[in-house]
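Counting starts at 1 for both ligands and their atoms, following the listed order.
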Amino acid sequence: MKKIFDITDSLKKSKKKPLERLSPILALLFEKSSTRTRISFESAMLQLGGHSIYIDSKTSQLSRGESLADTSRVLSSYVNIIAARMYRHSDIEELAKYSSVPVVNALTDLEHPCQALSDVYTIKEEFGRVKGLRIAFVGDIAANTANSLMITAAKMGAEVSLVGPRGYAANFEYLLQASKFETIETTDDMQDGLKGCDVVYTDTFISMGQEAEADKRRKLFSKYQLNEEVMKFARKGAKVMHCLPAHRGEEITSDLLDGKGSIVWQQAANKMLVEKAIILYLLNAAR
Ligand code: CP
Ligand code: NVA
């Protein structure tokens with residue numbers, strides 16, 4: 001992680017195209033929608049001097065039954081990196097198993113690791129450190145973003161407070177892993193959960209693939225909206241984060257998203273920078 005962040009820092013100062021000579025190709029194989037991740041990866045590759053090819057899984061032979069293993073074997077003979085956004089986490093593991101090139105997780109039902117890296121990088125940029133901070137994740141504490149954030153933040157020395165409805169558990173595997181590095185607390189009480197927090201993070205209540213449960217989930221999480229009122233429970237000057245896309249008026253109010261404590265736009269912009277570092281790291285091309 002330190003290496004990725006160091007490369008990210010160095011990229012901020014450089015306008016060079018370190019991949020121009022190598023001219024590598026990134027395949028973006030996506031089963032789900034994306035604005036930020038797709039465009040930031042494509043732009044990152046272009047700015048580094050490489051190329052990218054977007055493959056909508058619905059128009060590939062995957063949609064006609066070609067196996068993930070065969071797709072991965074073939075794709076990896078054409079490109080230098082694959083970034084994939086899949087419904088099932090096991091599918092990206094299958095892709096990685098049969099690929100001869102690095103496979104980047106661009107989101108699955110369980111994880112969103114590139115997002116978490118750029119989120120924690122943003123926190124470090126904002127506070128000058130991650131160690132010793134307290135980060136709350138509010139709402140769908142079992143979301144892919146929550147799983148990846150708790151592990152990445154805890155590894156960097158931040159405490160994590162998961163705040164969600166009673167009877168709705170965080171993913172135990174991720175909780176267990178993150179707890180090996182730092183304190184991870186869970187509560188259904190917004191006041192308790194936000195107490196002493198430097199950062200308050202939320203995500204949609206209805207992740208991609210959960211559309212059939214939309215009404216049920218809206219009801220379940222309705223008391224866990226981030227707004228000006230609940231931010232009073234956090235530390236004064238606490239920062240607000242959201243991976244986006246936001247559903248204004250649902251998991252977060254517009255006041256908060258557009259307010260002075262919001263670092264969501266910086267967070268979104270940093271995705272491209274951190275993805276550049278991930279690409280350089282995987283291609284072993286960082287100077
Ligand atoms: N945050 C994020 O991954 O956004 P997209 O779904 O638009 O890629
Ligand atoms: N939890 C959300 C993240 C979107 C970037 C989802 O999976 O839809």
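Although no hydrogens or angles enter the test, the distance criterion places no donor-acceptor pair under 3.5 Å between the side chain of E182 and the main chain of E159. S63 places a side-chain N or O within 3.5 Å of a backbone atom of S60 that can act as its donor or acceptor partner. Using modelled atom types, one side-chain atom of T202 and one backbone atom of V138 make a donor-acceptor pair closer than 3.5 Å. Under the 3.5 Å distance criterion, the side-chain polar atoms of T187 are left unmatched by any main-chain donor or acceptor of G193.
Heavy atoms of Q267 found under 4.0 angstrom from ligand 1: none, in either backbone or side chain. If you look at Q115 next to ligand 1, the close heavy atoms, those under 4.0 Å, all belong to the side chain. Neither the backbone nor the side chain of T37 comes within 4.0 Å of ligand 2, counting heavy atoms alone. Here L107 has no heavy atoms under 4.0 Å from ligand 1, in either its backbone or its side chain.
We find that K3 and D6 are not joined by a salt bridge, their nearest charged nitrogen and carboxylate oxygen being 4.0 Å or further apart. Comment: E250 engages R218 in a salt bridge, judged by a side-chain N to carboxylate O separation of less than 4.0 angstrom.
Contact atoms of ligand 1 toward T35: 5 (P), 7 (O), 8 (O) (distance under 4.0 Å to a heavy atom of the residue). Taking every non-hydrogen atom of L244 and a distance limit under 4.0 Å, the qualifying atoms of ligand 2 come out as 5 (C). Which parts of ligand 1 touch K271 is read off a 4.0 Å heavy-atom cut-off, strictly below it: atoms 1 (N), 2 (C), 3 (O). Annotation for ligand 1: atoms under 4.0 Å from non-hydrogen atoms of C243 are 1 (N). Applying the 4.0 Å criterion to heavy atoms of H112 picks out, from ligand 1, the atoms 2 (C), 3 (O).
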Quiz item: What's the verdict on ring pair (Phe, Tyr, Trp, His ring centres under 6.0 Å) for F205 and Y224, showing C-alpha distance, side-chain angles and the deciding distance?
Solution: CA-CA 9 Å; F205 294 155; Y224 293 88; 8.2 Å; no
Practice problem: Test Q225 against E251 for side-chain hydrogen bond (donor to acceptor under 3.5 Å, both in side chains), laying out the working first. | Solution: CA-CA 5 Å; Q225 184 192 65; E251 73 274 7; over 6 Å; no
Practice problem: Check the pair D9, Y121 against side-chain hydrogen bond (donor to acceptor under 3.5 Å, both in side chains), reporting the backbone distance first and the verdict last. | Solution: CA-CA 9 Å; D9 283 338; Y121 182 82; 2.5 Å; yes
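Distances between N or O atoms of P245 and those of ligand 1 include no value under 3.5 Å. For ligand 2, the polar-atom distance check against S207 finds a nitrogen or oxygen pair separated by under 3.5 Å. Residue contacts with ligand 2: R85 is placed with no nitrogen or oxygen under 3.5 Å of a nitrogen or oxygen of the ligand (distance criterion only). The shortest N or O to N or O distance between R36 and ligand 1 is under 3.5 Å.
Nearest non-hydrogen protein atom to atom 7 (O) of ligand 2 is N144 ND2, 2.9 Å. At the shortest separation from atom 3 (C) of ligand 2 among protein heavy atoms lies D203 OD2, 3.6 Å. Closest to atom 8 (O) of ligand 2 among all protein heavy atoms lies M208 N, 2.8 Å. The protein heavy atom nearest to atom 6 (O) of ligand 1 is R85 NH1, 2.8 Å.
The nearest non-hydrogen atom to atom 4 (C) of ligand 2, considering only T108, L107, T204, comes from L107.
Cation-pi geometry between R38 and Y54 is met: the NZ or CZ atom falls under 6.0 Å from the ring centre, inside 45° of the normal.
No path of Ile, Leu, Val, Met, Phe, Trp and Tyr side chains, each step under 4.5 Å between heavy atoms, connects M45 with I82, placing them in separate hydrophobic clusters.
Using 4.0 Å as the threshold, I206 has no heavy atom nearer than that to any atom of ligand 2.
Counting heavy atoms from C-beta on, the side chains of Q267 and Q115 come closer than 4.5 Å.
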